[in-house]
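Accompanying notes for the structure given below.
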Amino acid sequence: MDWVRDVTAAKHIRPRAGRGLIACAAFVAAVLAFGSVAAEPDTPAGNQRLDSVVSMVDSDRFKAAETAIDAALADPALTVADRDALLFQRERMRRILIDFRLDEAEVLSRLRKAIPDLGDAEFARWKAANLIEHRVIDGRTLYFARAVPNLFRLSPEAAARRADPAPFSEGPMESPNAHHAAVVEAARETGQASVLPRRVQVTQSITVDADAVPAGETVRAWIPFPRDIPGQQQDIRLLGSIPAEATVAPEPTAQRTVYMEQVARAGEPTEFSIDYELTLLAQRHAIDPDKVVPAPATAELAAHLGERPPHIVFTPALRAFSEKFVNGETNPYRIAQKLFAAVDDIPWAGAREYSTITNISDYALHAGHADCGQQTLLLMALLRLNGIPARWQSGMVYSEGDYWNLHDWGWMYLAPYGWVPMDVTTGRFEGATADSGADLEWFYLGGLDAYRIAFNDDYGTGFVPAKQHFRSETVDSQRGEVEWDGGNLYFDQWDYDFEARILPDTARTARSND
């Protein structure tokens with residue numbers, strides 16, 4: 001889930017699951033919002049009510065949804081799981097209204113700063129094509145907070161009309177460069193898939209707004225923290241934290257964090273931070289397509305195949321998309337290439353918060369744009385549909401300068417090579433070659449740069465210790481989470497920061513820590 005850090009920044013997408021999946025999707029969202037597993041809704045009446053409420057929210061009938069929630073909550077027979085799922089739908093509406101908070105006058109004002117002679121017909125045409133993202137909620141047209149910058153990414157016509165066509169903010173790894181060439185050459189010379197180790201020191205922080213929590217109350221924070229993954233990131237050492245007392249989640253935790261507590265003081269922000277070091281390595285798997293065979297039938301791989309509602313569902317639309325691009329191919333690697341290219345062709349745009357979306361992969365298939373987490377989940381769904389095991393990974397990307405960003409990517413299993421990485425959002429470098437003549441086009445289908453730290457080896461899993469209240473991000477974990485006894489603190493009540501510094505003589509340092 002990449003998230004360009006600018007004044008318009010917000011995060012993530014839109015729901016469109018089949019009706020039979022809606023209740024399941026809402027329940028899963030509610031369960032994961034707490035970061036722990038609760039009992040599944042077990043009454044037919046509860047499922048029907050939940051299905052109805054989710055349908056109302058997805059069709060922008062918020063007032064009707066509120067009335068239905070109130071009526072359901074008054075039922076003394078309501079189960080705890082059903083109650084939580086309904087309350088999360090109320091919270092989901094609140095979050096949607098934070099993402100869609102602009103009226104038409106504000107959008108026009110912002111657009112005319114970039115296009116002073118914007119015509120009414122132009123605006124109406126772009127709006128009708130949903131290039132200016134909006135929703136009609138209870139009869140009121142509301143626009144996405146990032147609708148204007150997204151328009152310029154999605155419409156070449158609109159981009160060409162800007163009076164001052166400033167370049168988009170892009171990461172240094174989004175174009176082929178010397179690092180990619182060095183990774184390929186190092187892998188060729190050493191015969192190893194993991195190359196170019198470097199030692200990196202990282203600082204991550206969360207700053208809660210002053211008076212977001214009453215003075216004297218305890219603020220609880222979870223800051224993302226990497227797992228040890230041999231050959232990718234290793235020798236991870238927590239150097240210190242503020243406050244000093246901190247709990248690091250066990251190594252196997254798929255969404256690993258450092259947990260801390262602070263007492264809020266009146267008129268002062270509440271600050272949390274961690275410092276750590278780790279060794280990062282680039283990846284390059286030289287894959288011969290003719291040697292790739294179907295994945296073996298094992299229990300370990302079976303966990304990464306098949307559907308995983310709510311965000312990986314083999315809908316009729318997904319099957320049709322797959323059939324169109326696979327077109328009878330049977331070689332797993334060549335299938336992956338075709339699907340990777342098809343998903344890479346979906347334009348990138350800033351996205352709504354993932355917690356507001358019913359089925360992310362299905363949204364990416366229909367919206368006409370997607371961010372990295374949406375593209376990754378879509379590619380994972382397509383690969384699994386075609387019998388290729390696929391799994392999630394996400395964290396932070398950084399540079400040797402000031403650039404850093406949230407990012408999601410994945411891994412797929414190709415026999416006989418095993419698990420290999422894929423980053424469909426960074427995508428293909430069509431026609432690119434290194435000075436040595438090495439092909440760089442498919443670098444990110446089987447390779448990764450060393451400018452990323454993985455915090456998560458799965459999506460939608462719980463924290464250790466678990467949150468007591470709804471999570472702000474129910475799918476991913478990159479910014480962190482904050483709560484107090486009175487409830488969750490959403491993203492509009494705190495900020496976060498990240499800094500990575502490559503340490504000198506990292507090759508020697510990495511060797512000494514082996």
Side-chain angles (χ1 to χ4, degrees), residues 28 193-194 227 229-233 252-255 283-315 318-319 321-323 325-344 359-362 364-365 372-395 407-427 442-448 452 454-461 475-476:
V28 172
S194 298
R227 298 173 67 193
I229 306 172
Q232 183 181 357
Q233 55 190 37
T253 309
Q255 293 194 341
Q283 298 268 321
R284 169 69 173 184
H285 297 261
I287 299 166
D288 181 347
D290 292 331
K291 294 182 179 179
V292 176
V293 296
T298 68
E300 188 267 333
L301 293 179
H304 305 287
L305 284 168
E307 296 178 292
R308 183 178 164 184
H311 299 304
I312 296 179
V313 180
F314 300 159
T315 63
L318 188 84
R319 293 181 185 277
F321 185 90
S322 173
E323 184 177 349
F325 288 99
V326 173
N327 194 28
E329 178 62 65
T330 59
N331 179 281
Y333 180 74
R334 293 191 174 98
I335 290 172
Q337 279 187 311
K338 288 172 177 285
L339 296 174
F340 186 97
V343 175
D344 185 31
N359 180 342
I360 290 175
S361 64
D362 192 62
L365 194 62
C372 61
Q374 298 162 9
Q375 288 182 314
T376 297
L377 280 165
L378 175 57
L379 181 56
M380 287 173 61
L382 290 163
L383 290 171
R384 289 178 173 215
L385 175 64
N386 285 276
I388 302 171
R391 58 182 173 84
W392 172 274
Q393 197 168 76
S394 67
H407 193 51
D408 306 334
W409 61 96
W411 291 72
M412 63 180 180
Y413 189 93
L414 294 176
Y417 297 97
W419 287 104
V420 300
M422 58 185 189
D423 184 345
V424 68
T425 305
T426 308
W442 297 99
F443 179 90
Y444 283 103
L445 187 62
L448 285 181
R452 63 184 66 208
F455 300 143
N456 309 298
D457 273 327
D458 199 358
Y459 66 91
T461 64
V475 177
D476 217 352

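Reckoned from all heavy atoms, side chains included, excluding hydrogens, waters and symmetry mates. Numbering starts at 1 and runs along the sequence shown. Since we're looking at a predicted model, the values are computed, not measured.
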Original post:
Can you check whether M422 reaches W411 side chain to side chain, under 4.5 Å on heavy atoms?
Top reply: no
**OP:** Could you pull out the closest heavy-atom pair between A254 and T461, with the gap in Å?
**Re:** CB-OG1, 3.8 Å
Original post:
Under 3.5 Å, is there a donor-acceptor pair between the side chain of E307 and the main chain of P309?
Top reply: no
Original post:
Between Q283 and S194, do the side chains contain an N or O donor and an N or O acceptor separated by less than 3.5 Å?
Top reply: yes
**OP:** Indicate yes or no for a side-chain donor-acceptor contact from N456 to the backbone of Y459 under 3.5 Å, with no hydrogens or angles considered.
**Re:** no
Subject >> Between CH2 on residue W409 and OG1 on residue T376, distance to nearest 0.5 Å >> reply: 9.5 Å
Subject >> Residue pair R384, M412: steps toward the side-chain contact (heavy atoms from CB on, under 4.5 Å) verdict >> reply: CA-CA 9 Å; R384 289 178 173 215; M412 63 180 180; over 6 Å; no
Subject >> Nearest heavy atoms of S322 and L339, plus distance in Å >> reply: CA-CD2, 4.4 Å
**OP:** Please assess L385 against F321 for the test side-chain contact (heavy atoms from CB on, under 4.5 Å), listing each intermediate value before the final yes or no.
**Re:** CA-CA 11 Å; L385 175 64; F321 185 90; over 6 Å; no
Subject >> Pair W392 + H311: ring centers closer than 6.0 Å >> reply: no
Original post:
Between the side chain of N327 and the main-chain N/O of E323, is any donor-acceptor distance below 3.5 Å?
Top reply: no
Original post:
Any idea which heavy atoms bring A295 and L301 closest together, and the distance?
Top reply: CB-CD1, 4.1 Å
Original post:
Looking just at side-chain N and O atoms, do H407 and D423 make a donor-acceptor pair shorter than 3.5 Å?
Top reply: yes
Original post:
Say you draw a straight line from CG of L377 to CG of L365; how long is it, rounded to the nearest 0.5 Å?
Top reply: 12.5 Å
Subject >> Contact summary for L448 and P421, nearest pair of heavy atoms >> reply: CG-CB, 3.4 Å
Subject >> Heavy-atom closest contact (Q374 atom, A364 atom, distance) >> reply: O-CB, 3.6 Å
Original post:
So do the side chains of L445 and F443 get within less than 4.5 Å of each other, counting heavy atoms only?
Top reply: no
Subject >> Donor-acceptor pair, side chain of D288 and main chain of D290, under 3.5 angstrom >> reply: yes
Subject >> ring pair (Phe, Tyr, Trp, His ring centres under 6.0 Å) between W419 and H285, worked out >> reply: CA-CA 10 Å; W419 287 104; H285 297 261; over 10 Å; no
Original post:
Got a donor-acceptor contact below 3.5 angstrom from the R308 side chain to the V313 backbone?
Top reply: no
Subject >> Check: Q233 side chain, A454 main-chain N or O, donor-acceptor pair, under 3.5 Å >> reply: yes
Original post:
Where the side chain of Y333 meets the backbone of V293, is there a donor-acceptor pair that is under 3.5 Å apart?
Top reply: no
Original post:
Hey, does L382 have a side-chain heavy atom less than 4.5 Å from the side chain of V326?
Top reply: no
Subject >> Donor-acceptor contact present, side-chain Q255 to main-chain V475, <3.5 Å >> reply: yes
Subject >> Separation between OG1 of T298 and OH of Y413, rounded to the nearest 0.5 Å >> reply: 7.0 Å
**OP:** Before giving the answer on side-chain contact (heavy atoms from CB on, under 4.5 Å), spell out for V292 and Y417 the whole-Å C-alpha distance, their side-chain angles and the decisive distance to 0.1 Å.
**Re:** CA-CA 8 Å; V292 176; Y417 297 97; 3.9 Å; yes
Original post:
Nearest 0.5 Å, what's the CG-OG1 distance between D344 and T425?
Top reply: 8.0 Å
Original post:
Would you say F325 and Q337 make side-chain contact, with heavy atoms under 4.5 Å?
Top reply: no
**OP:** Mind listing the closest non-hydrogen atom pair of S394 and D476 along with its distance?
**Re:** OG-OD1, 2.5 Å
Original post:
Does V343 offer a backbone N or O that forms a donor-acceptor pair with the side chain of Q375 under 3.5 Å?
Top reply: yes
Original post:
Say you draw a straight line from CG of L414 to NZ of K291; how long is it, rounded to the nearest 0.5 Å?
Top reply: 14.0 Å
Original post:
Run the side chain to side chain donor-acceptor pair (under 3.5 Å) check on Q232 and Q393 step by step: do they pass?
Top reply: CA-CA 12 Å; Q232 183 181 357; Q393 197 168 76; 2.7 Å; yes
**OP:** Tell me, please, which residues at least two apart from D457 pass salt bridge (charged side-chain N to carboxylate O under 4.0 Å, His left out).
**Re:** R227
**OP:** To the nearest 0.5 Å, tell me how far K338 NZ sits from N331 CG.
**Re:** 10.5 Å
Original post:
Going by heavy atoms in the side chains, are F340 and L379 under 4.5 Å from each other?
Top reply: yes
**OP:** Could you list the residues that satisfy salt bridge (charged side-chain N to carboxylate O under 4.0 Å, His left out) with R391, not counting sequence neighbours?
**Re:** none
